[in-house]
There are 2 protein chains.
Amino acid sequence: MRLTTKGRFAVTAMLDLALRHGNGPVTLAGISERQSISLSYLEQLFGKLRRAELVESVRGPGGGYTLAKSTEAISVADIITAVDEPVDATQCGGRENCHDNHRCMTHDLWTNLNATIFDYLSKVTLFSLVAQQHAKETTVMQDKREAQPQRARVTPTGAL
Amino acid sequence: MRLTTKGRFAVTAMLDLALRHGNGPVTLAGISERQSISLSYLEQLFGKLRRAELVESVRGPGGGYTLAKSTEAISVADIITAVDEPVDATQCGGRENCHDNHRCMTHDLWTNLNATIFDYLSKVTLFSLVAQQHAKETTVMQDKREAQPQRARVTPTGAL
DNA sequence: TAATTTCCGAGTAATTTAGTCAACTATAGG
DNA sequence: CCTATAGTTGACTAAATTACTCGGAAATTA
């Protein structure tokens, strides 16, 4: 589980797709223009996204890309693992080198943290991101007359 | 909020420190040997960790580094932001370029996701990581005779 | 057939990672 | 005071990754 600008580009592009879901194929040229991402870079990213079966492509005029699944079924973790090939994550590859307990201890600790982050990002779907955005927009309007309601719980329990 | 191997190194090194917390200063040479990270690279990382006031140093023989705060007060987010200088995160820097609604929409969406991940990693402390490791060790022993209890809830509600 | 748009591979500049090297400062112990 | 230890700093570098560009196919619509 890495979290780089590369994954950020992919998530942004997929969000662009999600916002136009149901309106037919979306061209990379359009995404490129709207999101300010180079067309060639998008081609590389969407090659991976297609091989990961997150999007489907239609060639020719009027073609483009569509989500291969519903927005609920596509998570940020899916997108990131599709474009960021997995890091080996450990200094002791398979299980060699892991002699003393100390080395294995921090090794396992990191593996656990990694898995936990992955589980978390698996729950963040395109659907929830779009929903959060809508909620935020109305909240902003409320804030103008209510001036900050309760500040507790930044994210409403698994909402994102 | 980035999540790279650089941050991984820093977290691993800080965990090594956390496991020896209270036993006096820990040398980088020791961390280097135990965690298989080059000494010079650790010097760079700990320079940043010290400037972020996450660790304190003691020079001279018997010296080394100690945690500047309790393990509860140091989060993974703290460590990562200390060593991974912040990404600008947006294609439209401050607020220029943000003309049409669409661009701002996905822009905000990513900013929100970013903040959410940051909030989450702020709750993952060195203390909880060490505690999780201990819990896992006893769980592994239990599994030997119980053969997988309930698989639900990978992480016990904010435990990590 | 012509225009559109996805596919595909090779190449590349800029950046980041991970590390080396050398010199310097502080300090404990003899 | 001397010396070994250990942090502190800065400059430099090889390798990898990022973020592209370019050129050309292949498929499909009109």
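Within every chain, numbering begins at 1; the chains are lettered A, B, ... in the order of the sequence lines, protein sequences first and strands thereafter. These figures come from a predicted structure and were not determined experimentally.
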Ignoring backbone atoms, establish whether [X] has a side-chain N or O less than 4.0 Å from OP1 or OP2 of [N].
| X | N | answer |
| --- | --- | --- |
| B:Y41 | C:dA18 | yes |
| A:Y65 | C:dC7 | yes |
| B:R2 | C:dT15 | no |

Using a heavy-atom cut-off of 4.0 Å across all strands, would you classify [X] as base, sugar-phosphate, or nothing?
| X | value |
| --- | --- |
| B:L28 | sugar-phosphate |
| A:G47 | nothing |
| A:T27 | sugar-phosphate |

Please evaluate the base of C:dT27 for a donor-acceptor partner in the side chain of B:R59 within a cut-off of under 3.5 Å?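 Donor-acceptor pair under 3.5 Å: no.
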Do B:F127 and B:V76 land in one hydrophobic cluster if side-chain heavy atoms of ILVMFWY residues count as linked below 4.5 Å?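 Shared cluster, no.
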Separation of atom [atom1] in [X] from atom [atom2] in [N], rounded to whole Å:
| X | N | atom1 | atom2 | value |
| --- | --- | --- | --- | --- |
| B:D84 | C:dT16 | CG | P | 10 Å |
| B:R50 | C:dA26 | CZ | P | 13 Å |
| A:F46 | D:dA19 | CZ | C1' | 16 Å |
| B:E56 | D:dA6 | CD | C1' | 17 Å |
| A:I31 | C:dT5 | CD1 | P | 13 Å |

Nearest to the [X] side chain among [options], which nucleotide is it?
| X | options | answer |
| --- | --- | --- |
| A:E43 | C:dC8, C:dT16, D:dT18 | C:dC8 |
| B:S40 | C:dT6, C:dA18, C:dC21 | C:dC21 |
| A:P61 | C:dT16, C:dT4, C:dT5 | C:dT4 |

5' priority, DNA chain D, between A:S38 and B:R51 [closest heavy atom]: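 Closest to the 5' end, via its nearest nucleotide, is B:R51.
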Earlier contact from the 5' end, DNA chain D, for A:K6 and A:G60: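 That would be A:K6.
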At 10 degrees resolution, what angle do the end axes of the helix from C:dT1-D:dA30 to C:dG30-D:dC1 form when each is taken over five base pairs?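 Axis-to-axis angle, ends of the helix: 20°.
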Qualifying ring-ring contact (aromatic ring centres under 6.0 Å, His included) pairs with a residue from residues 11-37 of chain A, counting only residues at least two apart or across chains: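 Every candidate ring-ring contact (aromatic ring centres under 6.0 Å, His included) pair involving residues 11-37 of chain A fails, so no pair, neighbours aside, qualifies.
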Quick one: sort the B:F46 and B:Y65 rings into parallel, tilted or perpendicular, breaks at 30° and 60°.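 Answer is tilted, since the angle falls between 30° and 60°.
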Under a 3.5 Å cutoff, is there a donor and acceptor pairing between the side chains of A:D119 and A:S122?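 The criterion, which ignores hydrogens and geometry beyond distance, is not satisfied for A:S122 and A:D119.
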Which residue lies toward the 5' end of DNA chain C, B:G7 or A:Q44, if each is placed at its nearest nucleotide?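 Per heavy-atom nearest nucleotide, the more 5' residue is A:Q44.
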Looking at every heavy atom in both A:M14 and A:L126, which two are closest together, and how far apart are they?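 Reported closest heavy-atom pair: O-CD1, 4.0 Å.
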Heavy-atom pair of closest approach, residues B:A18 and B:V130: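 That would be CB-CG2, 4.5 Å.
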Rounded to the nearest 0.5 Å, what's the gap from NZ on A:K123 to CG on A:L121? Could you check?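 So the NZ of A:K123 and the CG of A:L121 are separated by 10.0 Å.
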